[in-house]
Amino acid sequence: NSPINPKDIATPKIIQMYKLSNFAHKIVEVVKAILESPHCTSELLLAQDENGKTALMLAAEKDFAEIVKANLESPHC
């Protein structure tokens, strides 16, 4: 197993995977861990998907309240 690069998962793709994966119950924990990581930056949180949406925008659209709250409470937001 290769280590997970925060840049690979702290993008809107993690939100898109939320309900499509068999580990959906862990996504909130993963997002919180990313937000607490020293590698997390405002730039990373502003990453956009192919439609120009950030992870925060997608989480809000899909009513993922815990993820929205975690993003907004992050010092990087």
Side-chain angles (χ1 to χ4, degrees):
N1 291 344
S2 60
I4 296 174
N5 181 344
K7 289 184 179 183
D8 292 338
I9 60 175
T11 64
K13 297 244 182 265
I14 191 113
I15 304 303
Q16 293 169 345
M17 293 179 349
Y18 188 81
K19 286 193 175 178
L20 300 176
S21 69
N22 58 0
F23 65 97
H25 61 285
K26 295 284 188 184
I27 297 294
V28 173
E29 292 174 37
V30 170
V31 169
K32 287 180 179 179
I34 291 167
L35 293 171
E36 293 170 5
S37 166
H39 302 288
C40 185
T41 63
S42 297
E43 179 181 286
L44 189 63
L45 294 182
L46 293 173
Q48 298 177 351
D49 69 5
E50 61 276 356
N51 296 313
K53 295 185 179 184
T54 65
L56 179 59
M57 295 165 95
L58 289 168
E61 282 180 10
K62 296 180 183 295
D63 283 335
F64 299 150
E66 288 182 81
I67 294 175
V68 170
K69 183 179 178 195
N71 269 274
L72 294 176
E73 290 175 347
S74 167
H76 308 292
C77 186

*Quick one: do Leu35 and Val28 end up in the same hydrophobic cluster if we chain Ile, Leu, Val, Met, Phe, Trp and Tyr together by side-chain heavy atoms under 4.5 Å apart?*
yes

*asked:* For residues 68-77, which residue pairs pass the salt bridge (charged side-chain N to carboxylate O under 4.0 Å, His left out) check, not counting sequence neighbours?
replied: Lys69-Glu73

*By side-chain hydrogen bond (donor to acceptor under 3.5 Å, both in side chains), which residues pair with Glu36, not counting sequence neighbours?*
none

*Determine yes or no for a side-chain-to-main-chain donor-acceptor pair under 3.5 angstrom, with Asn51 supplying the side chain and Lys53 the backbone.*
no

*Interatomic distance, Leu45 atom CG to Leu56 atom CG [nearest 0.5 angstrom]*: 8.5 Å

*If every non-hydrogen atom of Thr54 is compared with every non-hydrogen atom of Gln48, which pair is closest and at what distance?*
CG2-CG, 4.1 Å

*Taking every non-hydrogen atom, the tightest pair across Lys32 and Ala70*: CG-CB, 3.9 Å

